[in-house]
There are 2 protein chains.
Amino acid sequence: MNKTSIQKIAADLEVSTTTISFIINGKADKYKISKATQKRVRDYIEKNNYQPSSLARSLTTGKSYTIGFLAPDIANPFYGQVGKHIEKRLFQAGYQVFLSSTEEDPEMELKMAQSMVQRQVDGIILAPASRRTLTFLRKSGTPTVTFDRKLPRSKVNFVGIDNYQASFGAINEFLSKNKCRNMLMISITPEVDTLKQRIAGCIDAFENQGLKYPKHLNLTVDYQNLEQSCYEEISRVLEQNHSIDSVYFTNNLTAFRGFYTFSKYHRSRLEKLKLISFDDLPFNEISHPVITGIEQPKEEIANSCSRLMLSLLNEKKDQVKKIILPVQVNWR
Amino acid sequence: MNKTSIQKIAADLEVSTTTISFIINGKADKYKISKATQKRVRDYIEKNNYQPSSLARSLTTGKSYTIGFLAPDIANPFYGQVGKHIEKRLFQAGYQVFLSSTEEDPEMELKMAQSMVQRQVDGIILAPASRRTLTFLRKSGTPTVTFDRKLPRSKVNFVGIDNYQASFGAINEFLSKNKCRNMLMISITPEVDTLKQRIAGCIDAFENQGLKYPKHLNLTVDYQNLEQSCYEEISRVLEQNHSIDSVYFTNNLTAFRGFYTFSKYHRSRLEKLKLISFDDLPFNEISHPVITGIEQPKEEIANSCSRLMLSLLNEKKDQVKKIILPVQVNWR
DNA sequence: CTGAAAGCGCTAACAC
DNA sequence: GTGTTAGCGCTTTCAG
């Protein structure tokens, strides 16, 4: 059992705790601990499977070498990938990352953030669902990097894309390429700025083409009840409107579930539609029909978040950075 | 900044640390702290945004109320979902879960497990990639629950399915239903027992039907290089063999990537095939053709893991449990 | 080269 | 009802 402690070793080996601490932390040579002592200590550690307590260490040093990662849903391909890459990156830098899903719930998010702060994470990377969390983090003095979502007028480090521009650009080009006019747009409840931006970008792209976006085709489905809600909304619109010629899924959730609905219940309509989605799932490539995808640079986002966090941690400059990365449209 | 401590409050408010500790930990009434004092302390805490240090608390109490979760890949739908549910469950029980991806790498897995033990997690739930990690965990005395993968002859708590039986049952029924004889089987490098069991189940199902499984159709693709490897292996077999009538994807990775390969490069062949996969992705339902899925009860697995862990934590009985859950075949 | 000792923030047995 | 105090396991300054 993990009862070994630095004191015990000290007692058993009749050396002082200092000596052991130095050896464990690679300062043995610096403090010129004799090779013999070093070996004795190392052997003992090896033999007794001793694991130094990070807790105690963190308590003394004030650093825990842990980073919290909060996203709405770790099982979502986008957040999952970003999280995984960040984890890998920071692990290489000596940090352990704690991933958690907030389920898009402000209470939950705040609680988790608090819990992490209490555990003295050195920093937090998050796709914020609520401003309260951010306020809390600022007050607590925790180095924070946000990604994916930018809350209007908040002064906090950010890594992500320009949702408005990305959406505008892609839809603009889409409209030039295809003679589509009646574009169904499917979004989840757009409390988050991200989705509002994407929707606005689309509408403005229509305008830019001298068209007017048909407002009744701007659908919102319920995040908590995606399958059912998709089915109802899509069916409703299809019954009313026979001239839909294209669909814009504004994120990967609506892309999959929306496509699913069409595929299962409105297959005949599907064939004739031009499809485009924000976020690009591997699935987009082999669906029938294929779906053009606006792809976020997940790995780049993860890298930037990691780098930014590390620089925050090391350099302590509290200048706020916004890193905006380009998207890539995969036309199909 | 987070410099407030219980001592500081004590000094400022001229009460003792004990009093504050009791109030924070909900023992105020038990120890009959006066309402007035309680209020003063609570107000102070509120106002100064005081966050008690879990580190210090854990150090004293020996409990950290954290659980580690290790899986090969959090971004994989199966592990991601299981992880997410466990997280939710245990969070309700007052525990925070730390999810991490091991990338199927024994070194990495061990390192992460060690790091977690050093942080004094109260327990670890993992889909083990290597026995070393398990040995380490046993030695360290950390309550451990494994899921998904069972290492032969290891005495450790386990939650999962019977891969052999599930595979056998499904393929057996598949063979009765469909007149298939030439079944391509696609697996990733089956170092893990899980996949070996699934393969064996399939082969025995053939035998059970009085058939002999055509060994050259048992394909193995490279986990690290899935896309390329799938392409090469599948193409190679298809060139040699024109009578393939069905495909068995032995996990969700080969299911998606295998289907992808067929869809992109061998579409014409795909139409005539009967498909079945271990693990059932939402995608299976709307692919063309559809894919029958052997579905693991992800939520049940998560629940059982959580319950088992909690009972380990509370009851301290070290009797080893193996919980085997049934699968469900979604015929399509 | 090594040891003594203070202190990180909190809990809880024991005192008053 | 509230205070005192001894740890929890580690780091690190200061002595020797």
Side-chain angles (χ1 to χ4, degrees), chain A residues 1-41 44-45 48-65 115 117-122 140-141, chain B residues 1-41 44-45 48-66 115 117-122 140:
Chain A
M1 302 304 168
N2 194 21
K3 300 242 49 162
T4 333
S5 80
I6 218 171
Q7 345 267 0
K8 211 184 194 112
I9 308 184
D12 286 3
L13 256 40
E14 298 189 313
V15 292
S16 85
T17 57
T18 317
T19 309
I20 299 167
S21 175
F22 285 158
I23 295 174
I24 290 173
N25 295 301
K27 299 182 186 167
D29 288 338
K30 184 171 156 200
Y31 288 100
K32 306 193 183 159
I33 311 286
S34 73
K35 291 290 174 205
T37 313
Q38 287 194 38
K39 183 158 170 27
R40 276 175 66 220
V41 173
Y44 185 103
I45 287 176
N48 295 54
N49 195 28
Y50 162 69
Q51 300 291 326
S53 156
S54 304
L55 291 192
R57 173 182 287 154
S58 303
L59 193 57
T60 8
T61 59
K63 278 216 63 166
S64 67
Y65 287 94
S115 166
V117 168
Q118 288 172 200
R119 298 216 151 77
Q120 243 166 80
V121 293
D122 295 331
S140 79
Chain B
M1 304 308 164
N2 195 21
K3 300 244 46 166
T4 333
S5 79
I6 219 172
Q7 344 268 0
K8 210 183 193 114
I9 308 184
D12 286 3
L13 256 40
E14 297 189 315
V15 293
S16 86
T17 57
T18 315
T19 309
I20 298 167
S21 174
F22 285 156
I23 295 176
I24 291 173
N25 295 301
K27 299 182 186 167
D29 288 337
K30 185 171 155 198
Y31 288 100
K32 309 195 180 156
I33 310 286
S34 73
K35 292 290 175 205
T37 314
Q38 287 193 38
K39 182 156 168 33
R40 276 176 66 219
V41 173
Y44 186 103
I45 286 175
N48 295 55
N49 195 30
Y50 162 69
Q51 300 291 324
S53 156
S54 304
L55 291 192
R57 172 182 287 154
S58 303
L59 192 58
T60 359
T61 60
K63 278 215 65 165
S64 67
Y65 287 95
T66 57
S115 165
V117 168
Q118 289 171 198
R119 299 214 150 78
Q120 244 167 81
V121 292
D122 296 331
S140 78

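In this text the structure is predicted, and so the values were computed from the model without any measurement. Chain A is the first sequence line, chain B the second, and so forth, proteins listed ahead of strands; every chain is numbered from 1. Reckoned from all heavy atoms, side chains included, excluding hydrogens, waters and symmetry mates.
- In the helix from dC1(C)-dG16(D) to dC16(C)-dG1(D), the rotation axis of the first five pairs and that of the last five pairs differ in direction by 40°, rounded to 10 degrees.
- Under the salt bridge (Lys or Arg N to Asp or Glu O under 4.0 Å) criterion, the residue pairs touching residues 28-37 of chain B are Asp29(B)-Lys35(B), with sequence neighbours excluded.
- Counting only heavy atoms from C-beta outward, the side chains of Ile23(A) and Thr19(A) approach each other to under 4.5 Å.
- Among residue pairs with one or both ends in residues 6-25 of chain B, none qualify as salt bridge (Lys or Arg N to Asp or Glu O under 4.0 Å); sequence neighbours excluded.
- Contact check of residues 9-16 of chain A against DNA chain C (heavy atom, cut-off under 4.0 Å) returns Glu14(A), Val15(A), Ser16(A).
- In this structure Arg119(A) satisfies the side-chain hydrogen bond (donor to acceptor under 3.5 Å, both in side chains) test together with Ser115(A), Gln96(B), sequence neighbours excluded.
- Look at CD1 on Ile24(B): it is 10 Å from C1' on dG9(C), rounded to the nearest Å.
- Listed by chain and residue number, nothing satisfies the side-chain hydrogen bond (donor to acceptor under 3.5 Å, both in side chains) test with Ser58(B) (two or more places apart in sequence, or in another chain).
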So which protein nitrogen or oxygen atoms get under 3.5 Å of nucleotides 12-16 of chain C's nitrogens or oxygens?
residue	atom	partner	partner atom	Å
dA12(C)	OP2	Lys27(B)	NZ	2.8
dA12(C)	N6	Thr18(B)	OG1	3.2

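- Residue Lys63(A) contributes atom NZ, which lies 24 Å from atom P of dG9(D) at whole-angstrom precision.
- Take the nearest nucleotide of DNA chain D for Thr60(B) and for Thr37(B): the residue whose nucleotide is more 5' is Thr37(B).
- The side-chain contact (heavy atoms from CB on, under 4.5 Å) test applied to Thr60(B) returns no partner, not counting sequence neighbours.
- Distance CD1 (Ile20(A)) to C1' (dC10(D)): 11 Å, rounded to an integer number of Å.
- You'll find that the side chain of Leu59(A) is closest to dC8(C), out of dC10(D), dC8(C), dC10(C).
- Contact check for Ser54(A) versus Gln120(B): no side-chain heavy atoms found under the 4.5 Å cut-off.
- Rounding to the nearest 0.5 Å gives a distance of 5.5 Å between OG of Ser53(B) and CG of Leu59(A).
- Rounded to a whole Å, the CD1 atom of Ile6(B) is 15 Å from the P atom of dT2(D).
- Legend: residues meeting side-chain hydrogen bond (donor to acceptor under 3.5 Å, both in side chains) with Arg40(A), ordered by chain and number and at least two apart, are absent.
- Nearest nucleotide to the side chain of Ala56(A), out of dG9(D), dT11(D), dT2(C): dG9(D).
- In terms of phosphate contacts, Ser34(A) brings a side-chain nitrogen or oxygen within less than 4.0 Å of OP1 or OP2 of dT2(C).
- Rounded to whole Å, the distance from CD on Gln118(A) to C1' on dC10(C) is 12 Å.
- Separating the CZ atom of Arg57(B) from the P atom of dG7(D) is a distance of 22 Å, rounded to the nearest angstrom.
- For residues 3-22 of chain B, the ring-ring contact (aromatic ring centres under 6.0 Å, His included) pairs, not counting sequence neighbours, are Phe22(B)-Tyr31(B).
- Distance Asp29(A) CG to dT2(C) P: 12 Å, rounded to the nearest Å.
- Computed from coordinates, the Leu55(B) CG to dT11(D) C1' distance equals 15 Å when rounded to whole Å.
- In this structure, Tyr50(A) reaches the dC10(D) phosphate: one of its side-chain N or O atoms is under 4.0 Å from OP1 or OP2.
- Remark: Thr66(B) pairs with Ser64(B) by the side-chain hydrogen bond (donor to acceptor under 3.5 Å, both in side chains) rule, at least two apart or across chains.
- Considering only side-chain atoms of Thr19(B), the nucleotide from dT11(D), dG3(D), dC1(C) that sits closest is dG3(D).
- Under the side-chain contact (heavy atoms from CB on, under 4.5 Å) criterion, Lys63(B) pairs with Thr61(B), Tyr65(B), Tyr95(B), Asp122(B), Leu313(B), not counting sequence neighbours.
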